[in-house]
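Here's the structure we're looking at; comments come further down.
The first residue of the sequence shown is numbered 1, and numbering continues consecutively from there.
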Amino acid sequence: MSKKAELRPTTGRIVRYRGKHGLHAIRAAIVTADVDTLDPEGVRVGAVPALDSPHHVHLLVFTPGAQGFFHEFNVPAGDEPGTWHWPDES
């Protein structure tokens with residue numbers, strides 16, 4: 001397992017998100033909540049979804065279009081549509 005694969009995602013980190021619809025485009029995203037920063041009171045009152053595991057995150061996904069961004073919640077790690085992964089090292 002690579003060192004990056006062992007890292008837990010944390011709030012503020014840049015990741016890549018593979019879209020769930022259409023061409024499954026890969027977009028830049030920033031982690032907006034992880035298991036350590038998710039507000040339990042927000043979850044309790046229904047303002048924000050819970051996270052299923054330490055490797056699930058809430059994301060703000062950036063797009064090149066006029067909208068500019070969208071939110072995705074409780075996103076698992078992976079390479080399939082609807083998942084996040086670390087950027088490739090160059």
Exercise for review: Look up atom CG in D79 and atom CH2 in W84, then write down how far apart they are to the nearest 0.5 Å.
Suggested key: 10.5 Å

**Study point:** Distance, nearest 0.5 Å, that separates CD of E72 from CG of L60
**Key:** 10.5 Å

Check your understanding: Looking at side-chain heavy atoms only, is the closest gap between V15 and W86 below 4.5 Å?
Key -> yes

Practice item. Tell me whether F70 is reachable from V75 by hopping between hydrophobic residues (I, L, V, M, F, W, Y) whose side-chain heavy atoms are closer than 4.5 Å. Key: yes

**Study point:** Approximate separation, where rounding is to 0.5 Å, of E80 CD and H85 NE2
**Key:** 10.5 Å

**Study point:** Shortest non-hydrogen separation from A50 to H58 and the atoms involved
**Key:** O-CE1, 4.0 Å

Check your understanding: Do you know the tightest heavy-atom contact between K20 and G82?
Key -> CG-CA, 3.4 Å

Review point. What do the steps show when you test V57 against R13 for side-chain contact (heavy atoms from CB on, under 4.5 Å), and what is the final call?
Key: CA-CA 11 Å; V57 293; R13 296 290 304 267; over 6 Å; no

**Study point:** Check: T63 side chain, G68 main-chain N or O, donor-acceptor pair, under 3.5 Å
**Key:** yes

Point to revise | Distance in Å, N74 CG paired with D52 CG, rounded so as to fall on 0.5 Å steps | key: 4.0 Å

Exercise for review: Answer whether the closest heavy-atom distance between the side chains of P9 and H55 falls below 4.5 Å.
Suggested key: yes

Review point. Taking NZ, NE, NH1 and NH2 as the nitrogens, is one of them in D36 or R8 under 4.0 Å from a carboxylate oxygen of the other?
Key: yes

**Study point:** ILVMFWY network linking V35 to L38, side-chain heavy atoms under 4.5 angstrom
**Key:** yes

Point to revise | Mutual orientation of the aromatic rings belonging to H71 and F73 [parallel < 30°, tilted 30-60°, perpendicular > 60°] | key: parallel

Check your understanding: Can you tell me how far the CG atom of L59 sits from the OG1 atom of T83, to the nearest 0.5 Å?
Key -> 10.0 Å

Review point. Between Y17 and L7, is there a shared hydrophobic cluster once you connect ILVMFWY residues whose side-chain heavy atoms come closer than 4.5 Å?
Key: yes

